[in-house]
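In what follows, a single structure is set out as structure tokens and then discussed.
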Amino acid sequence: MRVLVVGKGGREHAIVWKLLQSSLVKKIYCAPGNAGISEIAECVQLEPDQIRELAHFAQRNSIDITIVGGEEPLAAGIVNYFVERGLRIFGPTVEACKLEWSKVYAKEFMREFGIPTASYVVFDQVEEAVRFVETHPLPLVIKADGLTRGKGSLIASNLEEAKSAIAHLMIEKALGEAGQRIVIEQFLEGEEATFMAFVDGKNFLVMMPVKDYKRLLDDDLGPNTGGMGSVAPHIRIPKNGTNEVIEKVFSPLIDALQMKGIKYTGILYAGVIFTKTGIKVLEFNSRFGDPETQVILPLMKNDLMELVMLTLEGRLDEIEIEWNDKCAIGVVIASGGYPKRYKKGFPIQGLESVKLKENILLFHSGTAKQGNEIITDGGRVLTVVAVDTNFEKAFNNAYNACEKIKFEKAFYRNDIGQGFIETMTEE
Ligand code: GLY
């Protein structure tokens, strides 16, 4: 099969890397890809939002299947456009992925179908939102309705922070249209986890839980980011956690989608929190997570292409997902200034020596080639993934490798996976 992967991040690098192991796959293109992806696939100079051009490319190059990495082309209707032209594509339609591109819609959907989530109120007027935060106990979570690349969820611990979050989204319009409408919701405490599932419209297969480190700084301090690291399997959730997620989230959600006549095909991502009073959904995404994908795919025994095909054929009831008995820790190396403004174009040193290390995978996120050099080309630059037989070894290997990679203003969290070593020691 000839495959086109759409995207340019660490997630897409991991998807291409995993697809290469499939005997079903003969050729992989990636649009636009990055410096790391260009070493293992043919990169095509088309951006994910060039939907018409991507469809032309797929037609001209006899692509058997296109796999979409990120939410933006999905929300812009890439799947609808391809399907209308008889092109096979993996991902949900624009109607199905509304669960990601409108937080208000997702909350209303959960309320209607009894899927547990934090209590919330929706606002499109600044004054009403301010009045609400003045008269309700804090902390509160203030979320933009639209797509924000992980930057639209602000935790306000006091009134000043709450007012400034409302102003940031609704008056300064720092995240554009996405923040015109906001959701203010109850702040929840507990262990967070990412559950991603293959969904074929009626059947679903939930993958192992992953921990995503959303905050910028060690000890979960600083602002939210797209994700600064990830760990799989997430062993810090309650023992029955996966079953609870299947029963209370995925089953009712897939039933509800069918009832509404919405055919959901692709990956469905549920970000959940295990609170003292039970599980609650924090968010839905309509695609693989980044950096969750970088740690989950190296642990998966299945052929990814086979799972993709069975999803498209509505045959997920014929297969189970199998995992090797290792664990993986992924550390994101970012560029100074991220998640706000950062510069691009810094030469990266040390990549070759890390690539040769045993049990280390190096997934590029924001990188580009300039002559013979690899330079930074984004805020999140690389994900260093260590796969090992226990968390302590994976932790030490991941951070030894991170130390070898140098570029101006490089930084990373130092505690990705640390709590997992402690969990093991306690047991
Ligand atoms: N890591 C969070 C996300 O992919 O949205």
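Since we're looking at a predicted model, the values are computed, not measured. Just the heavy atoms: all of them, side chains too, but no hydrogens, waters or symmetry mates, feed the values below. Counting starts at 1 for both ligands and their atoms, following the listed order.
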Next on the checklist: Quick check on contacts: which atoms of ligand 1 are under 4.0 angstrom from a heavy atom of Glu292?
Outcome noted: 1 (N), 2 (C), 4 (O)
Next on the checklist: Out of all atoms in ligand 1, which are within 4.0 Å of some heavy atom of Gly226? Include the element for each.
Outcome noted: 1 (N), 2 (C)
Checklist entry - Can you check whether Leu268 reaches Phe198 side chain to side chain, under 4.5 Å on heavy atoms? => result no
Checklist entry - Ring centroid separation for Phe407 and Phe346, is it under 6.0 angstrom? => result no
Item to check | Identity and separation of the nearest protein heavy atom to atom 5 (O) of ligand 1 | outcome: Arg287 NH2, 2.8 Å
Checklist entry - Does Tyr269 have a non-hydrogen atom less than 4.0 Å from ligand 1? => result yes
Checklist entry - Between Arg11 and ligand 1, does any nitrogen or oxygen pair lie at a separation below 3.5 Å? => result no
Next on the checklist: Can you confirm whether or not the ring centre of Phe123 sits under 6.0 Å from the ring centre of Phe132?
Outcome noted: yes
Checklist entry - Where's the contact between Asn285 and ligand 1, heavy-atom distance under 4.0 Å: side chain, backbone, both or neither? => result side chain
Item to check | Phe57 ring center near Tyr29 ring center (under 6.0 Å) | outcome: yes
Checklist entry - Between Leu382 and Leu351, is any pair of side-chain heavy atoms under 4.5 Å apart? => result yes
Checklist entry - Between Val3 and Phe90, is any pair of side-chain heavy atoms under 4.5 Å apart? => result no
Item to check | ligand 1 atoms in contact with Gly289 (distance to a heavy atom under 4.0 Å) | outcome: 4 (O)
Item to check | Polar proximity ligand 1 side, Asp212 side, N/O cut 3.5 Å exclusive | outcome: yes
